[in-house]
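Before any comments, here is the structure.
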Amino acid sequence: MSDTQPVTSIQTDDLEMRVVLVGPMGVGKTSLMTTLADGGAALLGGTRVLLEFDEPTAEMIRTCKAALDGSLATEQFQVNAMRPSQELTEYRYAVNPRISGVDRFRFPLTVLDMPGGWFGPSGIPASLARNREIFDEFLGSASTLLVPIDATVLMEARLQHQVAALPEILRIQDVMSAVERWTKDRRGLDGSPLPATVVLCPVKCETYVHPVGGHANPAADSMRELVDRFYTAALRELLETQQVALGRILYCPVETIGPVRLTRADWVERDGMLECRPSYEKVGGATRRLPHGGEELFAFLCAEVLTRLRSHWFEVAEWERTQAERPVAPPTGAGLFAKAWFYLVDAWDERTDRVLHRQQQSRLLLELAQLDKAVSAIAEREKRAFENRPDNRFAVLYQAAPGWM
Ligand SMILES: Nc1nc2c(ncn2[C@@H]2O[C@H](COP(=O)(O)OP(=O)(O)O)[C@@H](O)[C@H]2O)c(=O)[nH]1
Ligand SMILES: [Mg+2]
């Protein structure tokens, strides 16, 4: 079967995962992107599924990894090793489950990283107005919004005036405005509504998560409660008051560095704004990053598009079946001569054509069975990550009723 066979109502262009990262400057957006790439590589290593990057994306990830690795290279962990970005950055990956040597099931995964300065007091500079248009255009066609949350700021605000300053420091109103605009503009390339998931990702959270394979950390419950109080509640309010449509809210803490622990958090006032300045120490003299959460986040992003991809190709296989089972008969109303001609000449072509459709259907069904095997690691990780069990790091915070769109 040719890869370009035009058969179904679903546009293959829709089989792309588009994700937008929103959050203030320095919250950890670019580090989160890098950890997502680490997670994809770890999850797909040892499977036949390829993770591909375009060259600029590979370069950006190399730079970011080098900066994060460098923050652990010195005796003290270096806070703020990364340079903030003023540019809108597009990360382009593709997930390619190569089956029988063909790229039929390859799908792009594109993440747009907004410059955090847009949420600052000065907003978007006029010189970047075009960037804003690109951002809005992309936002309308994204099916997922990733919201990194500075867990250290959230958890270390203990005094009343610090807690009161949290919405301003974390720019929660700006985040909610982006969610609102997104849910209202959201459409697929064929104009149909897209699934909409908000993923709340606490970052800088290593001190507050359940350690992998260790005892439960009571701080993990407090972090979850604070995320609920400041973010889930605001999202639910949007759902109720603005009638926005949302499919799911997920909770996915991500450690982009790993072996560091908070030693102190100083609160200082700068330009009339309260600021949290954390200090960390390395755990056990660590020199290598040990990120966590990137695999689960990657699995979730892929699982969503894989569902769409499977149903697209099952629909194609079904179309092939209907073509293979069409009756071989002359056109209705054909005269005697036309009928005779049909059975003598055309019928053979038609029969050959049906055999080809049957072969294409069988081949597709075989490939789909191989696809399921190839991506089983992704599907299993996604299912296990977000299931409801005690001391799970990850959670589904909200799930719309079936048929909500
Ligand atoms: N302790 C800790 N620091 C982090 C983590 N992720 C990011 N950072 C720090 O936060 C700084 C800003 O991160 P960056 O990804 O550039 O933020 P962005 O401006 O939102 O893109 C980096 O220099 C890192 O040192 C994390 O998981 N833990
Ligand atoms: Mg950045």
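Indexing begins at 1, ligand by ligand and atom by atom, following the structure's order.
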### Task
Hey, could you give me the SG/CG distance between Cys252 and Leu146, rounded to the nearest 0.5 Å?
8.5 Å

### Query
Under 3.5 Å, N or O to N or O, is Ser31 touching ligand 1 that way?
yes

### Task
Would you kindly check if the NZ (Lys) or CZ (Arg) of Arg18 is within the cone defined by 45 degrees around the ring axis of Phe138 and under 6.0 Å from the six-membered ring centre?
yes

#### Entry: Nearest-0.5 Å distance that lies between atom OG1 in Thr57 and atom CD in Glu55
9.0 Å

## Note on the structure
The protein heavy atom nearest to atom 9 (C) of ligand 1 is Lys204 CE, 3.9 Å

### Message
Leu109 and side chain to side chain contact (heavy atoms under 4.5 Å, CB included): which single residue from Glu16, Arg92, Glu52, Met17 fits?
### Response
Met17

### Stepwise side chain to side chain contact (heavy atoms under 4.5 Å, CB included) check, Asn96 with Phe105
CA-CA 6 Å; Asn96 192 356; Phe105 303 111; 6.0 Å; no

### Task
Distance to 0.1 Å, residue and atom name: give those for the protein heavy atom nearest to atom 5 (C) of ligand 1.
Thr256 OG1, 3.1 Å

### Message
Rounded to the nearest 0.5 Å, what separates atom CE in Met176 from atom CG in Leu235?
### Response
4.0 Å

### Query
So, Thr30 and the Mg ion (ligand 2): N/O/S under 2.8 Å, yes or no?
yes

#### Entry: Residue Thr30 vicinity, atoms of ligand 1 by number, heavy atom under 4.0 Å
15 (O), 21 (O)

### Query
What's the shortest distance from atom 16 (O) of ligand 1 to any protein heavy atom, and which residue and atom give it?
Met82 CB, 3.3 Å

### Summary
Near Lys29 (heavy-atom distance under 4.0 Å), the atoms of ligand 1 are 15 (O), 17 (O), 18 (P), 19 (O), 20 (O), 21 (O)

### Query
Any heavy atom of Gly26 sitting closer than 4.0 Å to ligand 1?
yes

### Query
Can you find an N/O atom of Gly28 closer than 3.5 Å to an N/O atom of ligand 1?
yes

### Query
N/O of Glu206 under 3.5 Å from N/O of ligand 1, yes or no?
yes

### Task
Before accepting this row, confirm whether a basic side-chain N of the pair Glu304/Arg248 lies closer than 4.0 Å to the acidic partner's carboxylate O.
yes

### Task
Have a look at ligand 1 and work out which part of Pro24, if any, has a heavy atom under 4.0 Å from it: side chain, backbone, both or neither.
backbone

#### Entry: Atom CG of Asp391: over 12 foreign heavy atoms under 6.0 Å
yes

### Query
So which protein heavy atom does atom 11 (C) of ligand 1 come closest to, and at what separation?
Asn80 OD1, 3.8 Å

